[in-house]
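Per chain, numbering begins at 1; letters A, B, ... match sequence-line order.
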Amino acid sequence: MHGITSLGLLVLVSLAACAPLRPSPPPDAVGTAPAAPQETDTVKNGTPPPAESPAPAMASAPNLQPPPAGQAATAESAPTPAAAKPPAPAATSSPAKAAGAAKAAAKAKAPSGKTFAKTSPPDERTAPPAPQASVATASEQPKAEQPKAPPALDLASLEQRLRDTHAIGVFTKLSLKNQVDDLLGAFRAYHAGQDKISLTALRQRFDLLLLKVLTLLQDGDPPLASAISSSREAIWGMLADREKFQKSQLG
Amino acid sequence: MHQPIYFLALATTLVAVTPSLGAEGPSFGNDLKATIALQGMPCDQVIQAKRNGDSDYLATCKDGNRYHVFVNPQGRVVVQKL
């Protein structure tokens with residue numbers, strides 16, 4: 001009898017030990033979070049959305065590295081919509097769609113709060129909603145500022161995730177690495193003025209290679225595929241700009 | 001008397017199987033197929049892969065194409081149509 005109990009404990013311990021091995025929820029699920037605070041101020045009752053990071057794919061990466069100062073500045077100034085938006089398809093770039101996603105999230109999470117959002121006029125009608133709204137707006141203020149921060153392009157994290165993914169086999173990874181190295185060599189030659197290849201041709205090669213990577217990842221590792229897809233313009237910005245390219249470790 | 005053995009076997013199976021659930025990767029045939037496709041060569045499905053040595057394979061595709069897939073000394077994956 002004692003042996004059975006100890007073995008049962010062993011099973012529980014083994015299950016508990018294996019629990020962290022489950023794949024983490026894809027960033028798609030949290031991709032709609034940044035848009036939520038604008039719509040659900042009166043709905044959430046002050047509870048934070050599931051995620052507040054402006055770039056969930058980057059936030060899910062194990063080692064976040066702040067971008068260089070030049071990158072951050074250009075990420076703010078340069079319009080990089082693909083990098084700025086979350087990787088989830090639901091988290092679209094247009095504010096109207098984002099608002100729709102936030103409404104859908106509000107409907108799914110707080111059906112009772114939906115009535116507040118629908119029925120509460122701008123002026124104060126009843127006492128209970130007013131404190132909720134004030135609490136919610138007070139807690140949502142910092143959240144509304146957070147999405148304005150430029151999304152960090154973490155090449156090292158993406159690279160590590162590519163290395164670790166099980167969606168691509170070893171031969172395929174090596175072959176992809178060869179092609180990435182070839183493309184980086186072409187960029188080096190372009191920036192050094194050695195090669196007469198045009199930036200348009202480099203963009204075509206870049207898009208083709210990214211398409212290959214996304215094709216390989218889209219079934220086996222969708223979160224990584226969406227993270228790479230959303231970083232496309234940021235990566236291109238780094239490759240195409242001579243200073244950024246040389247500042248990065250790629251040059 | 002058999003119950004402890006049963007539980008032990010169950011626990012061992014759980015420990016052995018659970019990590020592999022999230023770690024499933026493509027089969028080697030799919031890996032070779034993707035490698036061949038990345039080089040721009042046609043292969044619908046690898047039906048046979050014969051190992052010649054370390055990182056050196058002969059792949060036979062369902063459509064009849066045969067390829068020599070290997071890693072050369074420079075570390076590049078080379079696909080040669082046979």
Side-chain angles (χ1 to χ4, degrees), chain A residues 1-26 161-185 205 208-225, chain B residues 1-41 43 45-46 49-59 61 67-80:
Chain A
M1 195 59 189
H2 180 68
I4 294 173
T5 308
S6 61
L7 282 171
L9 281 174
L10 176 62
V11 171
L12 284 176
V13 168
S14 63
L15 284 175
C18 294
L21 294 174
R22 298 289 182 191
S24 58
R161 288 173 72 185
L162 263 175
R163 287 180 192 274
D164 294 341
T165 186
H166 296 284
I168 306 178
V170 177
F171 259 106
T172 314
K173 278 181 190 173
L174 189 54
S175 186
L176 276 177
K177 183 182 177 300
N178 295 154
Q179 297 191 13
V180 168
D181 289 342
D182 289 347
L183 186 60
L184 286 178
R205 285 182 63 179
L208 184 62
L209 186 54
L210 215 60
L211 195 64
K212 291 176 182 175
V213 175
L214 294 179
T215 305
L216 289 166
L217 287 173
Q218 64 186 359
D219 292 329
D221 197 345
L224 181 54
Chain B
M1 183 59 191
H2 290 292
Q3 274 188 337
I5 297 173
Y6 171 74
F7 279 117
L8 185 62
L10 180 64
T12 309
T13 307
L14 282 172
V15 170
V17 169
T18 308
S20 66
L21 292 178
E24 282 181 6
S27 66
F28 186 69
N30 280 337
D31 189 14
L32 279 179
K33 186 185 88 171
T35 305
I36 294 166
L38 274 177
Q39 306 295 328
M41 297 184 188
C43 179
Q45 184 183 350
V46 172
K50 183 187 170 191
R51 185 173 182 272
N52 295 330
D54 286 344
S55 304
D56 191 337
Y57 293 87
L58 272 179
C61 300
Y67 298 99
H68 183 202
V69 183
F70 63 100
V71 179
N72 69 6
Q74 287 77 38
R76 295 190 67 88
V77 177
V78 180
V79 178
Q80 289 177 339

May I ask you to name which of A:Asp182, A:Leu216, A:Leu209, A:Asp219 has the most heavy-atom pairs under 4.5 Å with chain B? A:Asp182
Considering non-hydrogen atoms only, spot the tightest contact between B:Asp56 and B:His68 and give its length. OD1-NE2, 2.6 Å
Tell me, side chain or backbone of A:Asp164 under 4.5 Å from chain B's heavy atoms, or both, or neither? neither
Which distance, rounded to the nearest 0.5 Å, do you find between the CD1 of B:Ile36 and the CZ of A:Phe171? 10.0 Å
About how many Å separate CG of B:Leu58 and CZ of B:Phe70, when rounded to the nearest 0.5 Å? 10.5 Å
Hey, is NZ on A:Lys177 packed in by over 12 heavy atoms from elsewhere, all under 6.0 Å? no
Hey, which of B:Asp31, B:Val71, B:Val79 has the most heavy atom pairs under 4.5 Å with chain A? B:Asp31
